[in-house]
Colleague: 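My questions all concern the structure below.
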2 protein chains.
Amino acid sequence: MRGPSRHRGATLDDVARRAEVSAMTVSNALNHPDRLSDETLARVRAAIEDLDYRPNRSARTLRSQTSRLVGVRVERSRQDRAALLLDQFLHALAESASGLGYHLIVCHAAGDTAELAAYQELRQTTAVDAFVLTGAHRDDARRRWMREQGVTFACFGRSWDLDPDSPGAFPWVDVDGAAGIRAAVEHLAGQGHTEIGLVGWPADSDLGRDRERGWREACADLGLPARVQAHVVDEFDAGRDAAHRLLDAPRGGPVPSALVCVSDTLALGVLRALSERGLRPGHDVAVTGFDNSPSAALTTPGLTSVDQPLADVAAALMRLVDAELSGVRPSATHALLPPRLVVRDSSLAR
Amino acid sequence: MRGPSRHRGATLDDVARRAEVSAMTVSNALNHPDRLSDETLARVRAAIEDLDYRPNRSARTLRSQTSRLVGVRVERSRQDRAALLLDQFLHALAESASGLGYHLIVCHAAGDTAELAAYQELRQTTAVDAFVLTGAHRDDARRRWMREQGVTFACFGRSWDLDPDSPGAFPWVDVDGAAGIRAAVEHLAGQGHTEIGLVGWPADSDLGRDRERGWREACADLGLPARVQAHVVDEFDAGRDAAHRLLDAPRGGPVPSALVCVSDTLALGVLRALSERGLRPGHDVAVTGFDNSPSAALTTPGLTSVDQPLADVAAALMRLVDAELSGVRPSATHALLPPRLVVRDSSLAR
DNA sequence: CTGTTAGCGCTTTCAG
DNA sequence: CTGAAAGCGCTAACAG
């Protein structure tokens, strides 16, 4: 029933014996099926099936120096920030990886130096083929290291400081933050809001500047002022404080009736501030977030938020990695995916 | 500077040559340092250092049939449930693993059958040493499979149907749910509540029954009635509907002034219901959750919740796995860890 | 305490 | 299109 089962499953030789070919032919059936005649291929495949044969990754890696393992760092989540979506992203990445015959190997690291050390260790000990990075910074030390080492990688987060066609360009996938914020602004304008404020990140954040641009451009297109704004770090309390400041309308400035936030964390902080001021979200001040984190759906009132297509991001990243590892010239080395606004009560008057 | 660096780092032979010993001695320096004289050990270690040598996992695995890789499944998170804490748990697990010289390899699976298939694949192709399972069920097919295959594993979630000393017992780590709910009830009683209701899971959930027991026992100890209760699936809307039902006080029954929920998902649903009824959380009806998910801190008002010590759980799980793989008889094959109540505004009168 | 031999399971290389 | 030989880097088993 189970064939000539050795203790740990069938080997290539077992399959070869059964199919009455050499081990090499079985290997070719797996890796270069085009090299075999149809008849032989069918016989080998039947034998593989019969014996429930799976190639041993260690042996393969040892010989071919390629592991079909992709490294990914998992960061510690912070209680003062909405979920990092790691849950969804990692699942999606694992799914896409497995669809292409890869597995994910996880590493953790406390800081930036430790991150590189962890990657290096994974390269040296485990022959990891590639890495998926999240959150590209400008002038990212990680991508410099990857390039130096000649390691394949792809990044969730675009290259802000490099032209996509420049020699330093690297594969990335990102979500169009400006478009997401624009959708939020348009939705709010459709609700009749005319003074739409922004709660953004500090100016040194490329991601934040991109999202801010969406706000500014959408307001301009709609003929609305884009003047009420705050720029704070991505923390709950910072969002809360910012809302208080903006709603206090310093120096008799305009009072926003809607606040667009560049993250759910900030938006949730804004909702807290509204509560503290006795204002009703949606009714008195409309609020939108970004990320569509689990909290957005579960808080009360529900938080309107920009949903990132994480499954698509993950799939695109794995395709890029696979293309590079396969030596295929991919049709594009980067992708900017459109987000989708999920409307909930925090931005509706009733 | 970099020694006789081959293309992909130094090998055992490189180190052996440099230390003027045999390859075997270098191997022993790594795996059985007690077998070497102090003098030789020091020389080998210096050579390892000099060459920045790291053992090749594939070669080691191929030869010794042990990979120091631990498999863990990542599930898709659901938008209608509070974060599964995968973020925090996975990071903690990765950290504990790396402290003991292991790495985590991720697998995904759509259903229960697919899960076993994924584990089997990881065993056959990648020689994964052990698995960490989450969420044990009664009569769990996964642990039966693990046992049949002779695979090492440890489970986040206790064995409900087996005596810890019975032959079928397996290593597990869990959080004491009853104690967590008890803490919530005691806190509410301390706030003056005398009719404390429960929003629990269906009776077929062992985990839910355990938490319910905490409520029942705490109420009994405090001389309070434990009579208002609902049992629903773990979804936001189910919690919301349950709260409406309980607060409608069917048949003129008692109206609870506090609701203890067995999950944050349910508690967040309850908060939504309060809002729909124009009731103020904490002031009119106190609410507590379980998990201390990110949403608990970020919703308004903040949700009082039972925090699970995930870092401790992860560390204990990896210790169990390591003990079993090392053939060490562990001092205990399971651990029940105490949770900690985090009090926020949802359970405070002001 | 240290070294020799052999081979884990696969794929690269090169011949047929 | 198929196969034989060799060896990836390491460690188990044994010998000295």
Side-chain angles (χ1 to χ4, degrees), chain A residues 4-45 47-48 51 53-69 101 123-127 129, chain B residues 4-45 47-48 51-69 101 123-127 129 327:
Chain A
S5 78
R6 308 167 61 124
H7 182 238
R8 297 174 296 270
T11 74
L12 205 70
D13 279 321
D14 296 331
V15 177
R17 257 190 300 278
R18 178 158 189 129
E20 298 183 301
V21 293
S22 73
M24 202 51 241
T25 299
V26 180
S27 175
N28 279 330
L30 258 23
N31 304 314
H32 306 280
D34 51 297
R35 292 187 190 165
L36 301 196
S37 71
D38 291 353
E39 198 273 323
T40 311
L41 185 56
R43 213 166 67 243
V44 172
R45 285 195 169 149
I48 288 174
L51 299 176
Y53 166 74
R54 311 288 172 84
N56 177 312
R57 187 194 305 270
S58 299
R60 179 176 268 188
T61 301
L62 186 58
R63 187 64 247 236
S64 66
Q65 301 299 328
T66 165
S67 61
R68 299 198 83 83
L69 251 24
R123 281 287 289 173
Q124 290 191 27
T125 67
T126 314
D129 285 342
Chain B
S5 78
R6 309 166 63 121
H7 183 237
R8 296 174 299 270
T11 75
L12 206 71
D13 279 320
D14 296 331
V15 177
R17 258 190 300 278
R18 176 158 188 129
E20 300 184 298
V21 293
S22 73
M24 201 54 236
T25 297
V26 180
S27 174
N28 280 330
L30 258 22
N31 304 313
H32 306 282
D34 51 298
R35 291 187 190 166
L36 301 196
S37 71
D38 291 353
E39 197 273 323
T40 311
L41 185 56
R43 212 166 68 244
V44 173
R45 285 192 168 151
I48 289 175
L51 300 176
D52 191 29
Y53 166 74
R54 308 289 171 85
N56 177 312
R57 188 194 305 269
S58 300
R60 179 176 268 186
T61 300
L62 188 57
R63 185 65 245 232
S64 65
Q65 301 299 329
T66 164
S67 62
R68 298 198 83 82
L69 250 24
R123 280 287 288 175
Q124 288 190 29
T125 67
T126 315
D129 286 342

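The shown structure was predicted, so the numbers you read here are calculated from the model rather than taken from an experiment. Naming convention: chains lettered A, B, ... in sequence-line order (proteins, then strands); numbering from 1 in each chain.
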Colleague: Bend angle of the helix from C/dC1-D/dG16 to C/dG16-D/dC1 from five-pair axes at both ends, rounded to 10°?
Modeller: 30°

Colleague: Are B/Leu30 and B/Ser27 close enough that some pair of their side-chain heavy atoms sits under 4.5 Å apart?
Modeller: no

Colleague: In whole angstrom, what separates A/Arg43's CZ from D/dT2's C1'?
Modeller: 11 Å

Colleague: Closest heavy-atom contact between A/Arg57 and A/Ser67?
Modeller: NH1-O, 2.8 Å

Colleague: Quick one: does B/Glu20's side chain have a donor or acceptor within less than 3.5 Å of a partner on B/Arg17's backbone?
Modeller: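 Here the side-chain-to-backbone pair does not exist.
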
Colleague: Rounded off to whole Å, could you give me the CG-to-P distance for the A/Asp14 and C/dG9 pair?
Modeller: 9 Å

Colleague: Hey, does the side chain of B/Ser22 come within less than 4.0 Å of C/dT2's phosphate (OP1/OP2), counting only N and O?
Modeller: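 Answer no for this pair, as no side-chain N or O of B/Ser22 is under 4.0 Å from OP1 or OP2.
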
Colleague: Regarding A/Ser58, tell me which of base, sugar-phosphate or nothing describes its non-hydrogen contacts under 4.0 Å with the strands shown.
Modeller: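 No contact.
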
Colleague: Determine yes or no for a side-chain-to-main-chain donor-acceptor pair under 3.5 angstrom, with B/Arg54 supplying the side chain and A/Thr125 the backbone.
Modeller: no

Colleague: Nearest 0.5 Å, what's the CZ-CD1 distance between A/Arg18 and A/Ile48?
Modeller: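 The CD1 atom of A/Ile48 is 12.0 Å from CZ of A/Arg18, to the nearest 0.5 Å.
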
Colleague: If you check every side-chain atom of B/Thr40, which of C/dC1, D/dG3, D/dC1 has the closest atom?
Modeller: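 Taking heavy atoms from C-beta onward, the closest nucleotide is C/dC1.
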
Colleague: Are a donor atom and an acceptor atom from the side chains of A/Ser58 and A/Thr61 found within less than 3.5 Å of each other?
Modeller: no

Colleague: To the nearest 0.5 Å, what is the distance between CE on A/Met24 and CG on A/Asn31?
Modeller: 7.5 Å

Colleague: For A/Val21 and A/Val26, work out which heavy atoms get closest and say how close.
Modeller: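 The answer is CG2-CG2, 3.9 Å.
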
Colleague: Taking atom P of C/dC10 as reference, at what distance in whole Å does atom CD of A/Gln65 sit?
Modeller: 16 Å

Colleague: Rounded to the nearest Å, what distance is computed from the CZ atom of residue B/Arg17 to the C1' atom of nucleotide D/dG9?
Modeller: 12 Å

Colleague: Take nucleotides 10-16 of chain D nucleotide by nucleotide from the 5' end and write B, S or -, depending on whether a protein heavy atom sits under 4.0 Å from the base, only from the sugar-phosphate, or from neither.
Modeller: BBBB---

Colleague: With sequence neighbours left out, which residue pairs that include part of residues 29-44 of chain A fulfil the salt bridge (charged side-chain N to carboxylate O under 4.0 Å, His left out) condition?
Modeller: A/Glu39-A/Arg43

Colleague: Counting the atoms with a prime plus P, OP1 and OP2 as sugar-phosphate, which does B/Thr61 contact under 4.0 Å by heavy atoms, base, sugar-phosphate, or nothing?
Modeller: nothing

